[in-house]
Protein chains: 2
Amino acid sequence: MSETTDPAIETIKRRKAPAKPKGRVTMTDIARAAGCSQATVSFVLNNSPGIKLSQQTRERVIEAARALGYSAPAFSALRKPVAAFDGLDGVIGFAVDQLATSPEAVVAIEGARQASWNAGNVLLVAQTMGDAVMEPRAIQALTRRGISALIYMTIFTREITAPDFLYSLDIPVILLNCYTADYAFPAVVPSEIAGGQSSTRHLISHGHRRIATITGEPWMQAAQDRLKGYRRALATADIPFDPELVVEGDWSASAGYAATVKLLALKDRPTAIFCQNDRTAIGCYEALKEAGLHIPQDISVVGYDDEEIARHLFPPLTTSILPHMAMGQWAIEQLEAPTAPGHGRYPITKLECPLVERESVRAVAGG
Amino acid sequence: MSETTDPAIETIKRRKAPAKPKGRVTMTDIARAAGCSQATVSFVLNNSPGIKLSQQTRERVIEAARALGYSAPAFSALRKPVAAFDGLDGVIGFAVDQLATSPEAVVAIEGARQASWNAGNVLLVAQTMGDAVMEPRAIQALTRRGISALIYMTIFTREITAPDFLYSLDIPVILLNCYTADYAFPAVVPSEIAGGQSSTRHLISHGHRRIATITGEPWMQAAQDRLKGYRRALATADIPFDPELVVEGDWSASAGYAATVKLLALKDRPTAIFCQNDRTAIGCYEALKEAGLHIPQDISVVGYDDEEIARHLFPPLTTSILPHMAMGQWAIEQLEAPTAPGHGRYPITKLECPLVERESVRAVAGG
DNA sequence: CATGGCCACTAATAGATATAAACGAAGCGG
DNA sequence: CCGCTTCGTTTATATCTATTAGTGGCCATG
């Protein structure tokens, strides 16, 4: 006896099916939840002109729609593959925790924009403010719009535990200035170790041997790495490491001031100071000037970050450029590469921090 | 013998087709254009898993869909009315011509973000680069999936002819730092006239009577208005206007330098200089120092814009703050106001540029 | 207390989309 | 040459959405 071929039974089975937990939310579902008809839901959601509905009903419907997570279909095929070749308009999302607090975010966005502009890709920027509630909303606002890829940036270089939803996106995700422990996404960060090393090497090559450094807040990755680079450069040049010459700061100008005062009190004063960011260098300048020392005749100073102000200090400060522009470009290039990222394991890419020589370093007299 | 071109049949076919002047593009339309069935279109557009299709067909469908401008429905009711009261997530679009060239854009965005954050609204930023091709794309990337409102900002304060599509949006549009001749949108700009006036008045109130000014590029609105404010302040104080004391610059430091040199060559030197932006003031400082004059003992200087650097000049520069933060907030407040803007005629709102007093102004000796 | 208008909404249905099933062509093994 | 598969697509249909044409209740009116 063939049990599957009786047409009548088949029909019945299919009819029964309407116990449909299809997962998908329909207007009928909303109607049920809101206690009205599907037609009403349609009217409300489309703001159909010429239809009069009570405010009450409207609100109930919208509330129910939100509660059930109703949303328009995505048509994922219509998202343009972010493209280097054709001139069409892909949309790339750029999520960053903060835009305004430091210029780096804007610089990275600018790098990404330049890189994507030629191919005709549009960049949409959203701020997450590192807020657990708003971050998903902000990123949802991007993904709902059918972006082809997402660049996720943090202001501070650091390891992050990516929010869960990053893993379930069906588009390429690139991390900028941060990375995850599981290497699930391509990531790019500045090469702070190399930066610290080349800053220090720069001083060494000018004949300095007593080189002090003022660090940032020690729990920050960047501070650790810049210090590591400093030590490497010393080691490479066979200069013994002297803990006396490392003073802990906190990235602030006032800490730079205090640290410099401390360094000047040493019996064997340094001939050069590597300030691990430009703000610290500002405080350092201040303290040196108060002590009657001239930069760079009496003492050399280098900073880090190449903030706008570094150019306007007197004398202009030799410092290292954070490669945020290049990082933005890199992120886009990854997307445009023939092997656009899926999900797998990716190495962390580090980009160099080039040194800009200005006038705060001079060869040491007896060098 | 023509096999396909019987005119009568052609006509009939054409007549039949327009039976659907619905305007809306459907999958069936795409199918017809791509030479396949509606089902195939559905498969392609949804990237339906488990369905195998030739690359060729896929491409033809996607191409046709793009060509016909197929798009998902927007469900306008689901975009949360930008709301001061409830805690739901409206999405507000922020289009600006350039993000990176000057910090004002970011400041305005920050103002808007702060104002919208509490209400739970998300801000999405797109750059138009003032590009006729990319601007519509960028803004479309915002509007496609439903934003509740659009803020349209330019870097330079000026009158614009708004792109046509701004008029056909069904959401409130606010202009920031620009305005249209037809007053079709609420607009907010800095009150440059009042700013120029209060800068000048500040000098007058410190006893200055010979007050020079170095302008910006004269075709720019801001330059004209600041100059107008300067003249008004003089007039109010019954100080005769002396054309000798107005030197044309171009916002640059080098123009500020040259202009200052010119002013110092006057028989009757000014005792104060109103530089119409901070960069000009930098050049002005330079020239004054070279001439052996001390600020503010020998001569007072005020700037305009309150750029970061104004704080770090020596002496710190008294200048006027561009109210971009406030303008961003204002834009959001308009949206949240009970009478959210539709389309009509709106006055141009001007926000004050507050003066920050630092140390570059001193009362004139015989004042 | 019929009458009619209008308000807020629903029923019915036309129109669109998603998907299961079927179909024809190509390849292939026997 | 036949049956069996697989692939790429269509057919047919179930579902979902938009819209036209009501429906019933409420109120004012005569």
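Chain A is the first sequence line, chain B the second, and so forth, proteins listed ahead of strands; every chain is numbered from 1. Scope of the values below: all heavy atoms of this structure, side chains included, with no hydrogens, waters or symmetry mates. Note that the structure is a prediction, hence the values are computed from the model and not measured.
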(request) Ignoring the backbone of A:K52, work out which of C:dA8, C:dT17, D:dT17 is nearest its side chain. (result) C:dA8
(message) Run the side chain to side chain contact (heavy atoms under 4.5 Å, CB included) test against B:S42 and tell me which residues pass, sequence neighbours left out.
(response) B:M27, B:Q38, B:N46
(request) Look at atom CG of A:D182 and say whether more than 12 heavy atoms of other residues, nucleotides or ligands are closer to it than 6.0 Å. (result) yes
(request) Return the value, rounded to whole Å, for the distance between atom CZ of B:R60 and atom P of D:dG8. (result) 13 Å
(message) Side chain of B:M27, heavy atoms from C-beta onward: which of C:dA18, D:dT19, D:dT9 has the nearest atom to it?
(response) C:dA18
(request) Rounded off to whole Å, could you give me the CD-to-P distance for the B:Q56 and D:dC7 pair? (result) 18 Å
(message) In whole Å, I'd like the distance from the CG atom of B:L53 to the P atom of D:dT6.
(response) 18 Å
(request) Among D:dT10, C:dT10, C:dT19, find the nucleotide with the atom closest to the side chain of B:T40. (result) D:dT10
(request) Starting at atom CD of A:E59, determine the distance to atom P of C:dC9, rounded to an integer number of angstrom. (result) 12 Å
(request) Ignoring backbone atoms, test whether B:Y70 places a side-chain nitrogen or oxygen under 4.0 Å from the OP1 or OP2 oxygen of C:dA16. (result) no
(request) Taking only the side-chain heavy atoms of A:T57 (C-beta and beyond), determine which of C:dA8, C:dA11, C:dA16 contains the nearest atom. (result) C:dA8
(request) Check for a donor-acceptor pair, side chain of A:T154 on one end and backbone N or O of A:N177 on the other, with a separation under 3.5 Å. (result) yes
(request) Between A:T26 and A:F43, name the one whose nearest nucleotide on DNA chain D is closer to the 5' end. (result) A:T26
(request) Mind checking B:S37 for me? I need base, sugar-phosphate or nothing, with any heavy atom below 4.0 Å counting as a touch. (result) base
(message) Just the rounded figure in Å: distance from P of D:dT17 to CG of A:L45.
(response) 9 Å
(request) Specify the separation, in whole Å, of atom CD1 of B:I30 and atom P of C:dA18. (result) 11 Å
(request) For A:D29 and D:dT15, give me the distance from atom CG to atom C1', rounded to whole Å. (result) 12 Å
(request) Output yes when a side-chain donor or acceptor of B:N121 lies under 3.5 Å from a complementary backbone atom of B:G90, and no otherwise. (result) yes
(request) Return no unless some side-chain N or O of A:N46 is found under 4.0 Å from OP1 or OP2 of D:dA18. (result) yes
(request) Can you tell me the distance, in whole Å, between the CD1 atom of A:I51 and the C1' atom of C:dC9? (result) 10 Å
(message) On the side chain of A:Q38, is there an atom forming a donor-acceptor pair with the base of D:dA18 - under 3.5 Å, no angle test?
(response) yes
(message) With a 3.5 Å distance limit and no angle check, can you tell me whether A:R60 reaches the backbone of A:A34 through a side-chain donor-acceptor pair?
(response) yes
(request) Taking only the side-chain nitrogens and oxygens of A:S54, find out if one of them lies under 4.0 Å from OP1 or OP2 of C:dC9. (result) yes
